[in-house]
Undergrad: 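Could you have a look at this structure, given as structure tokens, before my questions?
Note that these values count all heavy atoms, side chains included, but never hydrogens, waters or copies made by symmetry. Each chain gets a letter, A, B and so on, in the order its sequence line appears, and its residues count up from 1. Just so it is clear, the structure is predicted and the values come from calculations on it, not from any experiment.
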Protein chains: 2
Amino acid sequence: MTTTKRGRPRGFDRDTALAQATSLFWQHGFEGTSIADLTSAMGISPPSLYAAFGDKRTLFLEVVERYGGTFGAFMNKALAEESDPRTGFARMLDEAALAYTDPSHPAGCLVITAATNYSAQTADIERDLRERRRANVRSFETRLEDARSRGSLGRDTDTRALAVYFAVVVQGMSQQARDGATARELRRVAELAMTIWPPSDAS
Amino acid sequence: MTTTKRGRPRGFDRDTALAQATSLFWQHGFEGTSIADLTSAMGISPPSLYAAFGDKRTLFLEVVERYGGTFGAFMNKALAEESDPRTGFARMLDEAALAYTDPSHPAGCLVITAATNYSAQTADIERDLRERRRANVRSFETRLEDARSRGSLGRDTDTRALAVYFAVVVQGMSQQARDGATARELRRVAELAMTIWPPSDAS
DNA sequence: GACTTTCTGTAGCGCTGGCTACAGAAACAC
DNA sequence: GTGTTTCTGTAGCCAGCGCTACAGAAAGTC
């Protein structure tokens with residue numbers, strides 16, 4: 001009882017079209033990318049885009065969601081997979097240095113850069129991305145608090161300040177990558193940034 | 001022989017209009033700010049704006065120039081005024097924490113945020129700001145090399161990596177300030193960030 | 001006063017933005 | 001085949017963009 005899909009089939013691959021949209025939004029941001037830019041890159045016409053993805057906002061949100069599951073997944077992965085928190089944060093920064101300068105896609109992080117210049121009409125898009133960044137800082141803090149409770153960080157460690165510090169380093173690395181910093185430079189920065197790690201509470 | 005100015009005098013103050021333009025571009029970026037936004041905030045009509053400032057690009061460049069001489073001047077000032085380089089960079093980061101969260105103007109740094117989302121038409125604006133940021137990194141590096149040659153930094157110090165690190169911290173602090181980080185949090189981050197300072201070459 | 005110069009708002013230019021009405025094309029069901 | 005469903009491109013809507021032609025207003029010059 002397999003119900004075959006009716007009607008004329010789609011003439012393009014939805015996933016590759018989504019990937020092309022990701023690339024454009026990543027490079028130029030939400031407002032800097034027009035529907036004409038998108039349809040041109042996808043090789044389709046506006047009605048096909050709207051039928052497949054809804055409007056520009058919905059498409060963008062789907063792009064962000066996809067990004068979080070692929071390119072942006074390395075952060076939480078590094079923190080979750082490493083049992084030692086110091087090793088986890090070190091790995092996260094080092095992988096960020098590589099990811100943000102990977103020549104196979106635009107530089108930096110989409111969530112950080114795609115909606116920094118927002119007009120009144122796109123304030124909601126900006127708010128969405130900012131909320132994602134704030135959630136990231138909170139997940140840093142949670143990981144650090146967990147480390148403190150397990151004794152691998154001193155009992156009086158300012159986990160909030162540490163979490164904001166790591167967010168600062170990650171976001172700054174994204175910016176520097178967009179400004180042309182090399183993978184080599186950013187890996188050195190990642191290494192340097194880790195030397196602030198406080199000594200464990202040995203008392 | 002004082003030649004008085006002929007014609008109808010300007011009905012608004014050019015400097016305060018420039019300040020209002022600065023505020024808008026600072027908040028929403030170059031593309032996120034329209035001529036209508038500007039004329040509305042200034043309380044004038046388009047022809048007055050164009051007569052006084054040229055086109056939108058020229059106005060923006062004048063805003064950036066003014067910004068560099070006022071809000072953005074604290075960085076080079078801190079590095080130049082402090083004879084000890086460590087004290088200079090520490091002061092720069094601490095003052096950045098305060099400046100970027102000052103409630104009397106938009107959060108973060110205009111040069112860092114005003115043109116991150118650029119379309120093809122505004123690529124030259126983006127290039128201008130990026131060049132300013134790169135010049136900043138170079139001035140960090142120059143200051144660090146100077147410190148090394150004077151012996152206050154070890155002879156094998158990687159001044160390039162240090163310079164990029166400080167740029168990362170400054171740009172990351174700007175982003176975090178825009179995301180809602182407080183002055184208190186960022187000052188702790190500034191303090192934390194300085195603990196990477198390498199020991200001086202005592203050999 | 002008449003004349004010149006400069007600033008002023010109204011109104012609107014050309015263009016591009018996001019988005020869609022419409023009719024044709026290509027698949028399935030029967 | 002006919003009918004139904006879904007995707008397709010053309011062509012164009014309307015709103016907003018940066019920018020300006022124009023005529024009137026307000027100052028100095030003589």
Side-chain angles (χ1 to χ4, degrees), chain A residues 1-18 20-21 24-25 28-63 114-115 117-126, chain B residues 1-18 20-21 24-25 28-63 114-115 117-126:
Chain A
M1 216 178 136
T2 53
T3 49
T4 326
K5 223 180 150 200
R6 295 274 296 276
R8 176 174 176 175
R10 184 175 284 130
F12 61 98
D13 184 49
R14 197 179 185 279
D15 285 339
T16 60
L18 198 58
Q20 286 157 333
L24 285 180
F25 282 131
H28 301 288
F30 179 74
E31 292 209 323
T33 306
S34 69
I35 297 290
D37 292 335
L38 291 163
T39 54
S40 166
M42 295 173 175
I44 61 177
S45 48
S48 300
L49 185 149
Y50 280 87
F53 300 105
D55 63 356
K56 192 187 173 188
R57 285 177 140 74
T58 313
L59 168 59
F60 180 76
L61 294 179
E62 187 172 347
V63 160
N117 304 142
Y118 58 99
S119 59
Q121 292 81 13
T122 52
D124 55 335
I125 296 282
E126 197 278 332
Chain B
M1 222 179 133
T2 55
T3 50
T4 325
K5 225 181 147 200
R6 292 276 293 278
R8 175 175 178 175
R10 182 176 287 129
F12 62 97
D13 183 47
R14 197 180 185 280
D15 285 340
T16 61
L18 198 58
Q20 286 157 333
L24 285 180
F25 281 132
H28 301 288
F30 178 75
E31 292 209 321
T33 307
S34 69
I35 297 289
D37 293 334
L38 291 163
T39 54
S40 166
M42 295 172 174
I44 60 177
S45 48
S48 299
L49 185 151
Y50 280 86
F53 299 105
D55 63 358
K56 191 186 173 189
R57 287 176 139 72
T58 312
L59 167 60
F60 180 75
L61 294 179
E62 187 173 346
V63 160
N117 303 142
Y118 58 97
S119 58
Q121 292 81 15
T122 51
D124 54 333
I125 296 282
E126 196 278 333

Undergrad: Does a donor on one side chain sit under 3.5 Å from an acceptor on the other, for A/D37 and A/S40?
TA: no
Undergrad: Applying a 4.0 Å non-hydrogen cut-off, can you work out what B/T122 is touching in the nucleic acid: base, sugar-phosphate, or nothing?
TA: nothing
Undergrad: Measure CD/A/Q121 against C1'/D/dG16 and give the value in whole Å, please.
TA: 9 Å
Undergrad: Report which part of the nucleic acid B/S119 touches: base, sugar-phosphate, or nothing (heavy-atom distance under 4.0 Å, all strands).
TA: nothing
Undergrad: Could you list all N or O pairs between the protein and nucleotides 1-6 of chain C that sit under 3.5 Å apart?
TA:
| from | atom 1 | to | atom 2 | distance (Å) |
| --- | --- | --- | --- | --- |
| C/dT6 | O2 | B/R8 | N | 3.4 |

Undergrad: What is the separation between atom CG on A/L38 and atom P on C/dT16, rounded to the nearest whole Å?
TA: 17 Å
Undergrad: Return the value, rounded to whole Å, for the distance between atom CD of B/E31 and atom C1' of D/dG16.
TA: 14 Å
Undergrad: With sequence neighbours excluded, tell me which residues meet salt bridge (Lys or Arg N to Asp or Glu O under 4.0 Å) with A/R57.
TA: A/D124
Undergrad: When the distance from CZ of A/R14 to P of D/dT8 is rounded to whole Å, what number comes out?
TA: 12 Å
Undergrad: Rounded to the Å, how far apart are B/R57 CZ and D/dC17 P?
TA: 17 Å
Undergrad: Rounding to a whole Å, what distance do you find between B/R10:CZ and C/dT8:P?
TA: 7 Å
Undergrad: Within this structure, what is the CZ-to-P distance between B/F60 and D/dG18, rounded to whole angstrom?
TA: 13 Å
Undergrad: Under the salt bridge (Lys or Arg N to Asp or Glu O under 4.0 Å) rule, collect the residues that match up with B/D13, sequence neighbours excluded.
TA: none
Undergrad: Using the side-chain contact (heavy atoms from CB on, under 4.5 Å) criterion, which residues pair with B/S45? Sequence neighbours excluded.
TA: B/P47, B/S48
Undergrad: Can you list, in residue-number order, the parts of residues 40-56 of chain B that come under 4.0 Å of DNA chain D, counting heavy atoms only?
TA: B/P46, B/P47, B/Y50, B/D55, B/K56
Undergrad: Evaluate the ring planes of B/F25 and B/F30, with Trp represented by its six-membered ring, and classify them as parallel (under 30°), tilted (30 to 60°) or perpendicular (over 60°).
TA: parallel
Undergrad: Report the residues that fulfil salt bridge (Lys or Arg N to Asp or Glu O under 4.0 Å) with B/R14, sequence neighbours left out, ordered by chain and then residue number.
TA: B/E62
Undergrad: For A/I35 and D/dC14, what is the distance between atoms CD1 and C1' respectively, to the nearest whole Å?
TA: 15 Å
Undergrad: Out of A/L59, A/T58, A/L61, A/L38, which one pairs with A/F53 under the side-chain contact (heavy atoms from CB on, under 4.5 Å) rule?
TA: A/L59
